Amino acid sequence: MTMQFTVAIDGPAAAGKGTISKAVAKDFGFAHLDTGLLYRAVGFKTLQLEPDAITTDVAVDLAKCLTPEDLTNDSLRTGDVAQAASRVAVIPEVRDVLLEFQRTFAIRDGGAVLDGRDIGTVICPSADVKMFVTASAEVRAERRFLELSAKGHDVERAGVLADVIARDKRDSERETAPLVAAEDAVIIDTSDLTIEDAIIAANKVVASVFNGK
Ligand code: DC
């Protein structure tokens with residue numbers, strides 16, 4: 001017998017949704033997909049091109065040609081790639097190309113956790129559990145600053161905050177699949193939570209539905 005159970009976790013950059021998603025997937029034995037990696041992989045490829053060469057058709061072709069190896073590229077975590085990802089994510093045709101893969105992943109046997117911006121609203125509107133993980137821009141920028149610095153990236157606090165705010169604005173104001181909490185999402189504000197407490201809170205939400213199934 002197959003078991004499908006989909007957990008949708010959305011939220012702005014550096015709110016902690018990646019860490020929470022990985023922990024929930026591990027604790028419940030579900031598979032995990034960081035959907036931001038799909039957009040980052042396309043964004044990364046656009047950075048190899050001249051800015052004038054990046055048309056919708058080109059971005060769509062890059063999305064169609066993604067391979068599993070493209071998602072494991074270490075360079076996907078930089079600030080430049082994040083901004084490039086956010087720019088290609090505005091293009092509806094690019095989002096369409098990536099949609100089917102995400103939906104298929106969501107209904108895989110054994111359960112799935114997907115994190116992103118539009119999982120609960122567009123990709124999996126009937127997910128079993130929806131959460132929206134958020135935190136203040138200042139707290140998120142500080143976390144991202146510490147993460148990038150620890151990895152040896154040469155970044156400044158003010159620059160990281162400006163990037164976070166610019167990405168929030170582009171992701172929230174785009175016409176297609178903007179960053180917004182689904183009406184039925186449980187909001188988890190991690191501004192004043194340790195990562196351990198945020199994971200406990202998320203696991204409680206999942207358990208309350210999963211254990212009743
Ligand atoms: O989650 P992330 O920071 O790795 O995402 C990078 C960018 O990709 C983000 O700024 C917007 C885009 N994105 C999206 O539009 N929809 C998703 N489901 C995931 C990411």
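Just follow the structure's listing: the first ligand is 1, and inside any ligand the first atom is 1. Counting begins at 1 with the first residue of the sequence. Note that this is a predicted model, so its numbers are computed, not measured. Scope of the values below: all heavy atoms of this structure, side chains included, with no hydrogens, waters or symmetry mates.
In this structure, E183 has no side-chain hydrogen bond (donor to acceptor under 3.5 Å, both in side chains) partners at least two apart in sequence or on a different chain.
Distances between N or O atoms of D171 and those of ligand 1 include at least one value under 3.5 Å. Where the criterion is an N or O separation shorter than 3.5 Å, residue side chain and backbone included, D118 meets it with respect to ligand 1.
The nearest heavy-atom contact from the protein to atom 4 (O) of ligand 1 is R40 NE, 2.6 Å. Shortest contact from atom 5 (O) of ligand 1 to any protein heavy atom: R117 NH2, 3.5 Å. When hydrogens are left out, the protein atom nearest atom 19 (C) of ligand 1 is T35 OG1, 3.4 Å; that is the closest non-hydrogen contact. The protein heavy atom nearest to atom 8 (O) of ligand 1 is Y39 CB, 3.4 Å. Closest to atom 16 (N) of ligand 1, if we only count protein heavy atoms, is R95 NH2, 3.0 Å.
Side-chain contact between I107 and R103: absent, with no pair of heavy atoms (C-beta onward) separated by less than 4.5 Å.
The distance from the CG atom of L38 to the CG atom of L71 is 5.5 Å, given to the nearest 0.5 Å.
Counting atoms of ligand 1 from 1 in the listed order, those under 4.0 Å from a heavy atom of K17 are 1 (O). Proximity to A89 (heavy-atom distance under 4.0 Å) selects the following atoms of ligand 1: 12 (C), 15 (O). If you number the atoms of ligand 1 from 1 as listed, the ones under 4.0 Å from a heavy atom of A85 come out as 6 (C), 7 (C), 8 (O).
Ligand 1 is never approached by R170 to a heavy-atom distance shorter than 4.0 Å. Not close to ligand 1: Q83, with no non-hydrogen atom less than 4.0 angstrom away.
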Exercise. Applying side-chain hydrogen bond (donor to acceptor under 3.5 Å, both in side chains), run through D189 and T134 and close with a yes or a no.
Key: CA-CA 5 Å; D189 188 328; T134 190; 5.8 Å; no
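The minimum heavy-atom distance between R143 and A135, with the atom names listed, is NH1-CB, 4.1 Å. Nearest heavy-atom pair across D128 and T6 is OD2-N, 2.7 Å. Taking both residues in full, the closest heavy atoms of S21 and V113 are given as CB-CG1, 3.8 Å, listed atom of the first, atom of the second, then distance.
Looking at R140 and D168, a side-chain N of the basic residue comes within less than 4.0 Å of a carboxylate O on the acidic one, giving a salt bridge.
Ring geometry for F28 versus F30: interplanar angle under 30°, hence parallel rather than tilted (30 to 60°).
Residue contacts with ligand 1, taken as heavy atom pairs separated by less than 4.0 Å, involve R167 solely via side-chain atoms from C-beta onward.
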